[in-house]
Amino acid sequence: MSRRSRLIYSPDYTKYYFHDEHPFNQHRLLLTHDLMTSYGLLSEQDIVPPRPATDEELALVHDPGYIETVRAQGHSETELPQAASYGLGTEDVPCFPRMHEASALIVGGTLQAVDLVMNGEADHAFNPAGGLHHALRARASGFCIYNDCSVAIAYLRKRWKARVLYIDTDAHHGDGVQWSFYDDPDVLTISLHETGKYLFPGTGNVSERGEGSGYGFSVNVPLDAFTEDESFLEVYQTLVPKLARAFKPDVIVTQNGCDAHAYDPLTHLSCSMRIYQEIPRLAHRLAHELCGGRWIAVGGGGYDIWRVVPRAWTLLWSEMTDQCLEDSPLPENWGKRWRDKSKLPLPTHLFDDVQPFPPIPRRGEITQKNRLILERAMMYAPLG
Ligand SMILES: [Zn+2]
Ligand SMILES: [Zn+2]
């Protein structure tokens with residue numbers, strides 16, 4: 001049994017804040033931290049506060065001109081003329097005060113997680129503020145300013161010479177991370193996501209496999225809209241262990257966006273809380289089997305901040321710390337503290353009662369389609 005896990009956390013993470021109407025809202029971390037604490041899963045010694053990433057660290061992935069512009073924009077009253085060319089000041093990524101500092105703290109949190117795990121102070125570490133997988137080298141995108149996943153992987157390659165398995169189960173394609181390591185055979189990126197046919201960012205087709213010596217080391221499984229637990233888990237549990245065992249990573253990085261849930265307002269997958277128990281369970285097992293336990297988890301998408309995110313990431317933390325949770329009523333105090341602030345009724349239990357979910361009429365067809373896509377995804381994958 002391992003209790004050597006660390007949560008990288010500070011209420012300062014909520015300074016990454018676009019505006020009141022924006023769907024990306026880090027206040028979800030306050031709810032999550034409170035739920036973990038209310039369950040008795042978290043003590044003060046488990047928490048490590050994040051440090052800001054340095055410019056040099058950010059530049060492992062990001063363009064120096066972009067970093068300079070993000071910083072200057074966050075200290076400017078008016079929109080800078082060059083901001084738009086870097087994807088800043090859009091509907092998805094509006095500018096806000098001190099945006100560089102808020103974003104660099106999230107990246108530093110993920111680097112903190114990397115260092116704790118790689119120098120052996122922790123077996124596992126979780127930075128729930130991270131997972132900003134859409135940010136590109138010189139462009140903000142999809143609510144993401146700096147890509148903490150990409151910076152952390154580049155840092156793992158450079159400082160720790162590690163071979164990295166990246167598993168992204170956010171409902172959106174992990175495009176920024178994929179493009180950062182598209183030609184690198186020492187970084188295997190696996191992304192399971194809703195098909196990009198109707199969903200941002202539109203990429204993540206099964207034919208995106210990497211390039212040059214990295215060919216085969218980008219694996220994508222675009223799932224059909226309305227995919228439910230069983231089909232999602234069938235794909236995940238078939239694909240990930242095979243690839244992981246063949247690739248033999250030194251460390252596993254998981255992006256744990258929880259926007260594949262049926263409640264999520266931005267996507268069209270139809271999963272329940274069950275997948276958020278199974279996803280980290282398998283990653284955890286593989287980390288012990290293949291990497292001496294080295295597992296770094298980050299957050300990601302999750303736009304039902306009241307009903308989905310706190311439960312999903314509490315389940316992740318319970319798995320990471322071997323404090324397995326059965327379905328149970330949520331702690332009363334947690335509900336009391338937050339129910340008046342939420343516009344929707346809060347869930348009463350840790351897992352969803354899936355009976356009241358409307359049945360998906362095309363279930364059989366969707367399952368078949370996902371199986372075919374899975375077969376195609378595995379066709380050129382590096383399976384030894
Ligand atoms: Zn463990
Ligand atoms: Zn997402």
Side-chain angles (χ1 to χ4, degrees), residues 1-7 22-26 28 41 46 92-93 113 116-117 120-126 128-135 140-144 147-149 166-178 191-196 198-204 220-223 225 227 232 251-252 254-271 275-277 279-305 308-309 312-313 315-324:
M1 180 174 129
S2 150
R3 289 293 305 269
R4 295 174 65 223
S5 299
R6 293 291 178 269
L7 184 75
H22 197 285
F24 189 95
N25 185 340
Q26 291 288 42
R28 61 199 181 146
L41 300 173
D46 300 326
D92 274 6
V93 190
L116 288 169
V117 166
E121 277 176 71
D123 288 339
H124 323 303
F126 177 27
L132 304 179
H133 60 169
H134 296 305
S141 174
F143 317 157
C144 307
N147 194 321
D148 64 293
C149 314
Y166 172 76
I167 307 168
D168 185 322
T169 44
D170 193 283
H172 300 91
H173 176 223
D175 57 340
V177 185
Q178 170 175 300
S191 181
L192 260 73
H193 46 266
E194 178 183 335
T195 164
Y198 313 106
L199 189 71
F200 179 89
T203 50
N220 286 292
V221 190
L223 299 166
T227 292
F232 187 104
V251 56
I252 296 176
T254 60
Q255 196 275 15
N256 299 273
C258 52
D259 44 6
H261 193 282
Y263 287 156
D264 195 273
L266 299 193
T267 70
H268 318 94
L269 297 178
S270 300
C271 296
I275 69 167
Y276 298 116
Q277 181 172 54
I279 290 170
R281 181 176 279 172
L282 179 58
H284 189 189
R285 205 187 311 142
L286 290 169
H288 281 290
E289 180 190 322
L290 302 169
C291 313
R294 287 182 291 274
W295 172 29
I296 294 137
V298 294
Y303 306 99
D304 190 322
I305 69 165
V308 175
V309 180
W313 292 347
L315 277 169
L316 191 159
W317 177 249
S318 77
E319 172 61 42
M320 188 175 261
T321 52
D322 298 307
Q323 308 179 90
C324 185

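Worth saying up front: this structure is predicted, and the values here are computed from it rather than measured. Counting starts at 1 for both ligands and their atoms, in listed order. Note that these values count all heavy atoms, side chains included, but never hydrogens, waters or copies made by symmetry.
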Apex the Zn ion (ligand 2) - arms OD2 from D259 and ND1 from H172 - angle rounded to 10°: 100°
Vertex the Zn ion (ligand 1), rays to NE2 in H124 and NE2 in H288 - rounded to 10°: 100°
D259 and H172 side chains, donor-acceptor separation under 3.5 Å: yes
Any side-chain donor near an acceptor of the partner, H124 and H284, under 3.5 Å: yes
Residue of the set N220, T203, V221, L269 for which side-chain contact (heavy atoms from CB on, under 4.5 Å) holds with H193: N220
Interatomic spacing from CE in M320 to CD1 in I296 - rounded to 0.5 Å: 8.5 Å
The Zn ion (ligand 1) - name of the N/O/S atom of H284 that sits closest to it: NE2
D170 atom (N/O/S) at minimal separation from the Zn ion (ligand 2): OD1
